[in-house]
**Student:** 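Pasting in a structure now, in structure tokens, and then I'll have a few things to ask.
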Amino acid sequence: MPHRPLSRRQFLTRSGLPVIFAASLPAGVQLLGLSAAPDPTLPGKHPGLTILNDRPVNAETPAHLLDEAVTSADRLFIRNNGIAPAAPPADPAEWTLRIAGEAVPQAVTFTLAELQAKFRHHTYQLTLECGGNGRKEFYPPARGNQWSTGAIGCPAWTGVRLRDVLEAAGYQSDRAVYVGYYGRDTHLSGDPDKVVISRGVPIAKALEDESLIAWAMNGQPLPLLNGYPLRLVFGGYPASCSGKWLSEIVVRDRLHDGEKMGGQSYRVPCTPVEPGATVADADMCIIEQMPVKSLITSPKTGATIAPGTKLNLGGHAWSSGPAVTEVAYSIDFGSSWQPCRLAPPVNRFAWQQFSATVAFPEPGYYEVWARATDAADRVQPMVLPGWNPRGYLNNACHRIAVKIA
Amino acid sequence: MRILIVFAVLLTLAYSCSEDAPAPAIPSDPDRFVVDGIDTLTGLIAQGDYLLVRGNCLACHSANLITQQGATAAGWREMIHWMQEKQGLTDLGELEEPIVAYLATYYAPVETGRRRPLGEVEWYRLNTDQAD
């Protein structure tokens, strides 16, 4: 990214400018954000990703590019709230992680090299999905990046257990309520004093076996835009809980109150509301578990096949912890459903592969819909689930168009 | 698209090497960047007070956040106030009204219903001989 964080003085100078027309800004400033065409490729990323925004970088993966069982690093979506560090150190010894907060009597700092040397390494395939995945479909429209279906992926993550690190830091289990993070990204305004995002998870989630402080994706260092060199990964929770460019973890004795924990961010109405309703902040509750969902990744939507031939259908299904127990498909808009073959997850919070061989009765236009059910008996809805002001948690059935001709 | 980026880069260079380039033309002729009704520098619809949005809304993020969005005047005002309260956006003074009016006119909500049709399908021929 061509952006360098500003010093405090530069920021003040810049923000003090009487901004009337962009063209009146001094050289080097006027083109910030002035690009109709987002950079067609992102460093380290597949050129097929759909770039929703170039500043901050937000890009999603078309369904057919997510066909792999283990998502390649270059295909994992990017949801950045701020600007990634311009030049993170190449030497892991130079990257530090501080463990502090009310429930840590004496703050402790580890270098990345120390984390790697001191603690046991674990690798899990963990599904990471943006809380706003599917926002595009909400009406009245919800605020923020208009994600369609591609803010999801399931790579293999390697790191150390957050639990092991918190224990080594001597956290007080009787006081700990919530774990929050801070990262080394920069606020969009360039103001070095503004926190971009600081979210986290309840202590019980933090202590799970699969809750990682990770430095590798599929055996390689994390891509810069996905948090290089260090990040949190919590499967089954909104991806915004999994802080990137991780610099500090706080073990709080209360609900974490960092940036984008409160207000309406990553929250939904505590009780259902009518579409378009205005909801007071006090009536919005934090999203924890993500809903059961599935995605058809093969074939790509738009396939035209010859009459009398069959279609090999494939994709993934996931839930927030309980495994997916059933995936079904329909070619008649839900009038009838046929079962898919379904593989077990490689570990908790990993997505599962489904497949089916689909026959069509006669030529014409069809939609193939997929619907997953999890072990808690939750089923994906065919229409949009409850409207909410920020457009989170859309787990409506995914569908592709197919023509027999 | 690529051409636009190259163009934008050239423009930056033009600002920094003034002996080679004439004075920037945006203030005197802002519409020279308009192609098919779109301001090619930003992607904004080049109607009404788009220059106010170009001048006041793109210091932190690109216009993609705006052009993706649809909202009513009240919705736009709420977003602006949220950015002022939380994200460091300055008071827009008397510019707020024309900015909100532009946004609510050109980036209004588009009715989609509970599930819209699968539009914009790119059809292709899939060989299914292998299927069993």
Side-chain angles (χ1 to χ4, degrees), chain A residues 14-15 19-40 51-56 58 137-141 143-146 187-191 194 259 263 299-306 309-312 357 367 382-384 396 399-401 403, chain B residues 1-2 4-5 8-9 11-12 15-16 24 26-27 30 38-44 51-52 54-65 68-72 75 78-79 82 86-90 109-116 118 121-132:
Chain A
R14 196 177 283 187
S15 60
V19 184
I20 301 301
F21 293 108
S24 66
L25 292 170
V29 175
Q30 74 277 14
L31 285 173
L32 282 180
L34 282 185
S35 100
D39 197 333
I51 302 175
L52 299 180
N53 193 1
D54 56 341
R55 185 178 145 77
N58 283 276
E137 284 197 288
F138 282 100
Y139 183 83
R143 280 171 52 179
N145 285 291
Q146 301 293 303
H187 191 267
L188 290 178
S189 64
D191 183 345
K194 274 187 105 57
E259 200 56 46
K300 181 181 174 210
T301 188
T304 303
I305 67 169
T309 63
K310 288 177 178 173
L311 185 73
N312 286 325
T357 310
E367 287 181 14
M382 287 189 67
V383 295
L384 291 206
R399 61 220 160 109
I400 59 167
K403 248 185 217 169
Chain B
M1 291 252 167
R2 206 176 278 274
L4 293 180
I5 292 168
V9 170
L11 194 74
T12 328
Y15 280 109
S16 42
I26 300 176
I38 300 293
D39 172 37
T40 54
L41 282 185
T42 60
L44 290 168
L51 293 174
L52 290 181
R54 196 168 84 180
N56 290 280
C57 299
L58 306 182
C60 299
H61 49 71
S62 72
N64 294 307
L65 268 178
Q68 286 181 62
Q69 192 76 53
T72 59
E78 191 193 310
M79 282 185 260
W82 170 77
K86 297 277 186 185
Q87 310 296 353
L89 174 62
T90 49
V110 178
E111 168 81 59
T112 58
R114 199 77 186 196
R115 288 230 76 178
R116 64 184 105 180
L118 280 174
V121 176
E122 282 174 35
W123 294 101
Y124 64 98
R125 175 63 62 177
L126 178 67
N127 183 353
T128 42
D129 289 345
Q130 310 304 325
D132 41 287

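Naming convention: chains lettered A, B, ... in sequence-line order (proteins, then strands); numbering from 1 in each chain.
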**Student:** State which residues pass side chain to side chain contact (heavy atoms under 4.5 Å, CB included) with A/Ala396; sequence neighbours excluded, sorted by chain then number.
**Tutor:** A/Leu384, A/Pro385, A/Asn394, B/Arg115
**Student:** Does the side chain of A/Thr304 reach to within under 4.5 Å of the side chain of B/Leu126, using non-hydrogen atoms?
**Tutor:** no
**Student:** Taking atom types as modelled, find out whether B/Ser62 and B/Asn64 have a side-chain donor-acceptor pair closer than 3.5 angstrom.
**Tutor:** yes
**Student:** Looking at B/Glu78, B/Gln69, B/Lys86, B/Glu122, which makes the most heavy-atom pairs under 4.5 Å with chain A?
**Tutor:** B/Gln69
**Student:** Of the listed residues (A/Gln146, A/Arg143, A/Glu137), which shares the most heavy-atom pairs with chain B below a 4.5 Å separation?
**Tutor:** A/Arg143
**Student:** So what's closer than 4.5 Å to chain B heavy atoms on A/Lys194: side chain, backbone, both or neither?
**Tutor:** side chain
**Student:** Check whether A/Pro299 gets within reach of chain B through its side chain, its backbone, both or neither, counting any heavy atom under 4.5 Å.
**Tutor:** both
**Student:** Could you check which of A/Glu367, A/Glu259, A/Lys300 has the highest count of heavy-atom pairs closer than 4.5 Å to chain B?
**Tutor:** A/Lys300
**Student:** Are A/Asn145 and B/Gln68 linked by a side-chain donor-acceptor pair shorter than 3.5 Å?
**Tutor:** yes
**Student:** Going by salt bridge (charged side-chain N to carboxylate O under 4.0 Å, His left out), name the residues that satisfy it together with B/Arg116, two or more places apart in sequence or in a different chain.
**Tutor:** none
**Student:** Under a 4.5 Å heavy-atom cutoff, which of B/Gly75, B/Pro109, B/Cys57 has the most pairs with chain A?
**Tutor:** B/Pro109
